[in-house]
Novice: 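First the structure, which I've put down as structure tokens, then a few questions once you've had a look.
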Amino acid sequence: MHDLTPLTALGSGAPQTDTIGPVTISENPDSALVSVAARLGQEAACARVLAAILGVPAPDVAQFVQGATLGAFWTAQHCWMVDGPDDPQAGLSARLKAELGDMASVTDQSVGWVRFDLQGDGLGVLFERLCNLDMARMPTGSARRSVIEHLGCFVLHRDGGYTVYGPRSSAQSLHHALVTAARSVF
Amino acid sequence: MNRLSTGGQIDRAKTFRFTFDGVPYDGHPGDTLASALLANGVRLMGRSFKYHRPRGVLTAGSEEPNALVQLRNGGRQEPNTRATTAELFNGLTAVSQNAWPSLKFDALAINDRLSNFLTAGFYYKTFMWPAAFWEKLYEPIIRRAAGLGSITTEPDPDSYDKGFLHCDLLIIGAGPAGLAAALTAGRAGARVILADEDFRMGGRLNAETHALGEQSGADWAAAIVAELASMPNIRLLTRTTILGAFDHGIYGAVERVADHLPEPAPGKPRQILWRIYSKAAVLCAGAIERPIAFANNDRPGIMMAGALRTYVNRWAVTPAQTVAVFTNNDDGHRTARDLLARGLDVAAIIDTRADAPACDGAQVMAGAQVIDSAGRLGLKSVTVRQADGREHQLKLGALGMSGGWNPNVALSSHQRGRPQWNDEIAAFLPGADLPQGMQVAGAAAGRFSTQAALASGADAAMQVLSDMGKTGHAPDLPMAEDGKTRITPFWHVGGTKARAWLDFQNDVTVKDVTLAHQEGFRSVEHLKRYTTLGMATDQGKTANMGGLAVMAELTGQSIAQTGTTMFRPPYTPVAMGALAGRSVGRDFRPFRLTPSHKWAVEQGATFVEVGMWLRAQWFPQPGESDWRQSVDREVRATRSSVGVCDVTTLGKIDVQGRDAAAFLNRIYCNGFAKLAVGRVRYGLMLREDGIAMDDGTAARLADDHFVVTTTTANAVAVFRHMEFARQCLWPDMDVQLISTTEAWAQFAVAGPNSRALLQKIVDPEFDLSNDGFPFMACGEITVCGGCPARLFRISFSGELAFEIAVPTRYGDALIRRLMAAGHEFGVTPYGTEALGVMRIEKGHAAGNELNGQTTALNLGMGRMVSDKKDSIGAVLSRREGLQDEKGLRLVGFMPRNPQDRVIAGAHLLETGAELRAANDLGYVTSACYSPTLNSYIAIGFLKAGDARLGDVLRAASPLTGHDTEVTVVSPHFIDPEGERLRA
Amino acid sequence: MIINHPLLGPCDAQEFTYLGDARLIERPDGMADGAAAAFFDYAYLRENPAGEHRELWFHEQGDRSWLVVTRNTLTHDIISVELARDVARRQGRSA
């Protein structure tokens with residue numbers, strides 16, 4: 001095991017949590033994120049294997065699914081992101097690569113993104129100030145890419161909360177947007 | 001006191017204190033600044049824009065042209081606020097504008113005496129000559145004289161927010177039509193947004209006395225609003241102006257969340273700019289009453305008749321005890337009746353119609369006209385010419401004018417919809433070409449009676465429900481007045497030489513329109529621009545119609561033939577703060593931080609913005625007072641031992657798939673099909689027109705896996721371009737793309753000791769020797785005992801160099817480890833300046849050279865463009881015009897005196913040639929001081945440059961004054977054979 | 001404007017980047033005879049209709065798909081929206 005100490009996207013050793021009114025905004029640095037793009041002609045096979053890995057069918061357009069340990073969301077036609085705890089042995093991307101073989105192009109995106117988990121009541125009202133997604137039309141299991149604070153972000157509606165994935169290098173700007181909007185609303 | 005003893009929708013139990021021009025006054029919750037000032041007997045509220053005429057309030061709404069005041073002070077000072085919409089709060093301070101030394105005695109009122117010289121077009125005529133006077137003399141004078149309020153120079157202490165809302169139906173205006181529409185759609189379960197600019201919903205229902213069923217209009221409105229507020233599918237937005245109708249059902253809105261408070265609660269915004277996505281909209285914006293132009297019709301105390309009764313009914317305020325009404329329609333009589341009912345003295349109803357109806361309690365002067373008024377700072381009397389020609393003076397303190405009502409068509413024309421003239425109501429109605437999804441109801445659609453407004457609102461909502469496939473039920477609407485509009489158009493009182501105002505805000509009179517006509521500015525668009533009619537911040541809501549009518553009369557055309565101008569967003573002025581939202585100060589736009597940012601801050605680095613990135617520019621050391629000292633040291637240290645630079649900002653694109661190599665072979669002009677796994681190649685990307693687009697490297701990690709780098713600036717554009725090629729040009733290539741720029745922290749480790757340094761970091765099983773890992777090798781490795789990493793042996797500096805990448809989260813740890821491990825070599829961090837110096841010394845092209853005008857040939861890379869394959873831009877790069885043998889070539893320049901600075905942007909000329917475009921031989925693109933050569937150096941493009949090595953030229957910059965003699969040299973100042981990087 | 005994305009439904013045009021005429025899909029073969037003339041037409045000749053126009057939009061802040069949007073340039077009415085990849089294949093482009 002190597003001895004390099006990781007920093008979170010917000011630039012410290014420990015993740016940051018902000019509670020504002022009824023809402024908690026937590027940086028989540030521990031989740032792995034891996035993109036899976038089906039190879040040409042392998043779309044159906046790739047979706048099948050992905051379903052087997054997840055334990056639930058691969059998500060359809062604008063959907064997020066949560067399996068026993070791993071979740072996945074649709075990002076583009078025949079493309080998904082898989083998120084969940086990192087595989088302690090090989091790493092999640094290596095595991096997916098091994099199982100998907102030549103069916104898909106697999107790219108580790110774990111540290112390309114900052115993940116914020118949002119929980120609490122009134123999140124729909126909060127997102128009104130952040131992005132143009134119609135949260136009333138985003139039931140649990142929805143996933144969309146949208147623009148927050150000029151940044152391309154993924155917004156996932158999970159059971160019991162939302163996850164926002166944003167570009168890691170702009171983690172502070174995204175965090176500022178989330179926290180300022182929350183203070184403005186609550 | 002002009003406050004009536006009873007009535008009004010104000011909370012008399014509570015008192016607000018406020019000041020106007022330093023004088024303290026009292027008002028009540030529910031008041032506007034205008035109603036509170038009138039209640040305190042203040043009629044004079046401002047001075048006009050051009051003539052500095054004393055002015056009072058003209059209207060009771062957002063169409064107000066006169067009563068513009070400056071609100072608050074310090075950083076919250078807000079000019080040009082309409083007193084008619086400023087909601088009163090305790091402690092409000094307001095001052096008048098455009099008056100000096102005081103509102104009652106304004107020195108520039110002299111302009112009023114000079115009005116003969118200040119007519120339409122006077123700017124164009126008067127300030128013509130001499131031209132040099134314009135900037136220095138005329139403009140400052142005009143600006144000072146014709147100013148509105150003044151802005152604060154302090155930062156705004158408040159925050160503003162932005163947001164997005166979605167609905168099935170947006171209802172604009174919460175008067176009778178809007179409320180009926182909301183009730184209908186809301187009860188059927190549609191998602192409705194009901195927005196009103198007022199702080200109290202109800203529209204004219206709050207201003208009228210007639211009943212709806214058993215209730216007063218205001219009570220009915222309040223009951224409906226309460227029902228709507230209980231529905232989860234309805235969102236009520238009070239204090240919210242829909243400012244524009246945009247494409248496909250998108251509307252802009254400003255919600256004034258805290259303008260009615262002394263200051264916003266901590267962290268809360270003052271205003272929110274909403275972007276509303278609607279499937280349908282009903283415009284229920286009501287109607288705006290128009291004045292009648294007569295001599296001196298602009299004195300404080302003369303106002304719209306509808307506004308007069310609004311002040312009396314809604315705010316229990318009258319500007320004076322004795323009033324009169326000047327009207328051409330029946331609605332003016334309603335004002336008189338309401339005022340009589342509140343015990344006011346109505347001196348007369350002056351009705352221009354010969355067949356004017358009678359009125360209980362007031363004298364009706366049928367067929368009469370008001371021909372003049374008197375009272376310098378406030379109305380004292382009006383002169384009436386009766387039908388028989390006799391003139392008669394009436395002493396009074398207020399006059400209500402009613403020239404009829406204009407449907408408020410503004411938002412209906414934001415998508416170029418042309419209003420249509422309607423003879424029956426003598427006004428323009430919204431045209432048929434409405435914004436997509438919009439219907440119009442109520443007075444805005446010319447349905448002036450309350451009953452008709454209610455019905456049309458409900459009908460519009462029923463239509464929306466039916467379009468949505470929903471069943472709705474028309475609500476039981478109360479019985480309400482259903483009077484017919486009786487109007488005989490009358491626009492202005494003729495036969496006078498005195499000025500009669502049409503546009504109060506921009507001081508445009510009947511005389512100005514007459515002059516425009518005389519001088520040939522007769523089309524509505526010319527009329528508008530020549531006289532400035534309707535060009536003030538109110539967009540002529542009360543003014544345009546009168547101006548058009550006068551022009552129609554002068555040209556002998558009908559108003560329909562004369563036409564009308566259109567309204568544009570925003571409906572009312574919007575504060576800059578609302579448009580900026582949260583994007584202020586440091587958060588003006590998002591920023592991107594490199595993985596070593598925290599460490600670089602600790603080192604005291606100076607940062608530079610590169611796009612959104614903050615990059616370390618140099619790392620000053622103690623004793624260094626000038627940036628050049630730092631940069632020179634960083635360059636020397638790197639070239640003599642080893643330096644480290646964060647290069648994470650370069651774009652990185654993961655390219656995978658069976659056809660990845662074939663794909664890159666088409667994207668890059670040079671060959672990639674045969675690149676071996678474990679090797680890196682420099683690649684040049686062309687645009688399809690043959691011009692260089694971007695450059696970078698592609699590393700082949702596996703048969704079906706490449707990592708492509710782009711320049712920092714072009715990362716997004718290159719990704720878009722590659723997606724275009726993949727999806728649109730070769731849709732059946734098996735290739736997948738994803739950006740990994742953010743995923744890897746990448747550092748350049750450069751200099752003769754770079755290998756020795758890396759050997760201390762890279763795990764021992766990886767061979768870094770020149771044979772094991774030669775120039776342009778790449779590989780997936782591990783560092784520091786197992787951390788996954790990528791290593792590339794590439795060099796931008798020209799030295800033996802590597803780039804090493806680890807997952808971003810370890811970037812901070814890695815830079816610290818590199819510094820610690822490199823201590824024995826004197827490892828030196830370097831910033832973007834040193835990076836730039838070293839690449840110029842090496843003659844590498846960067847953004848300055850890939851400037852969107854240069855070809856591979858210009859860059860000295862003409863032979864890279866393969867003719868053995870089809871690649872983007874290859875065909876057009878071979879065009880004759882781009883293959884000119886005497887065309888621009890990238891070369892280097894050394895000043896004859898090494899300490900003479902050469903400037904990027906300087907142009908190249910023969911020595912002795914005159915500095916003009918005809919003698920231009922090219923230009924310098926990048927220049928720096930080279931600490932390696934102890935001389936300034938530069939690279940740039942020179943005509944036939946490759947044939948001119950050794951020649952002496954002038955490099956002259958007329959912009960900076962630098963003019964230097966330079967010798968043309970190879971752009972590769974350092975190690976032209978590339979021995980160092982292969983060491 | 002609202003672009004009705006074939007997969008994602010109505011999306012704000014703000015999420016897209018505009019490129020231009022959808023004819024850019026019809027890239028000539030660079031190795032064919034007469035390629036220079038064909039590329040000249042391809043790179044420089046455009047219709048500029050006042051009315052219906054087929055154009056390329058990139059859903060940069062969405063699913064990264066290129067779309068062919070048929071739009072009336074006078075009214076901004078959007079008549080149809082297709083995935084550019086489908087259009088390209090239909091026009092006989094492959095690898």
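In what follows, chains carry the letters A, B, and so on, assigned in the order in which the sequence lines appear, proteins first and then strands, with residues in each chain numbered from 1.
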Novice: Kindly indicate whether a cation-pi arrangement holds for R145(A) with F154(A), taking the cut-offs as under 6.0 Å to the six-membered ring centre and within 45° of the axis.
Specialist: yes

Novice: Below 4.5 Å from any heavy atom of chain B, which atoms of C131(A) appear? Answer side chain, backbone, both or neither.
Specialist: backbone

Novice: Against chain A, label D763(B) side chain, backbone, both or neither, depending on which of its atoms sit under 4.5 Å from a heavy atom there.
Specialist: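 Contact with chain A: none, neither part.
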
Novice: For L133(A), which atoms come within 4.5 Å of any heavy atom of chain B: side chain, backbone, both, or neither?
Specialist: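 Answer is backbone: N, CA, C or O of L133(A) sit under 4.5 Å from chain B.
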
Novice: Pick one of side chain, backbone, both or neither for K598(B), based on which atoms fall under 4.5 Å of a heavy atom in chain A.
Specialist: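 For K598(B), the contact with chain A is made by the side chain alone.
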
Novice: Do the side chains of I148(A) and V164(A) get nearer than 4.5 Å, heavy atoms only?
Specialist: yes

Novice: Can you say whether W613(B) sits under 4.5 Å from chain A via the side chain, the backbone, both, or neither, judging by heavy atoms?
Specialist: side chain

Novice: In terms of heavy-atom proximity below 4.5 Å to chain A, should S739(B) be classed as side chain, backbone, both, or neither?
Specialist: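 Backbone of S739(B) only, per the 4.5 Å heavy-atom cut-off to chain A.
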
Novice: Is it true that the side chains of R168(A) and T808(B) contain a donor and an acceptor less than 3.5 Å apart?
Specialist: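 Result is no, nothing qualifies.
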
Novice: Tell me, side chain or backbone of D654(B) under 4.5 Å from chain A's heavy atoms, or both, or neither?
Specialist: side chain

Novice: For L593(B), is it the side chain, the backbone, both, or neither that has a heavy atom closer than 4.5 Å to a heavy atom of chain A?
Specialist: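 Backbone plus side chain of L593(B), per the 4.5 Å heavy-atom cut-off to chain A.
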
Novice: Please classify the contact of R275(B) with chain A as side chain, backbone, both or neither, using a heavy-atom distance under 4.5 Å.
Specialist: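 Looking at R275(B), nothing touches chain A.
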
Novice: Relative to chain A, which segment of M733(B) carries a heavy atom at a distance below 4.5 Å: side chain, backbone, both, or neither?
Specialist: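 For M733(B), the contact with chain A is made by the backbone alone.
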
Novice: Non-hydrogen atoms of chain B under 4.5 Å away: do they reach the side chain of A181(A), the backbone, both or neither?
Specialist: both

Novice: Please flag which part of R816(B) lies under 4.5 Å from any non-hydrogen atom of chain A: side chain, backbone, both or neither.
Specialist: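 R816(B) has no heavy atom closer than 4.5 Å to chain A.
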
Novice: Heavy-atom pairs under 4.5 Å with chain A: which of G785(B), P595(B), G163(B) has the most?
Specialist: G785(B)

Novice: Would you mind checking which part of L737(B) comes under 4.5 Å of any heavy atom in chain A, side chain (CB onward), backbone (N, CA, C, O), both or neither?
Specialist: neither

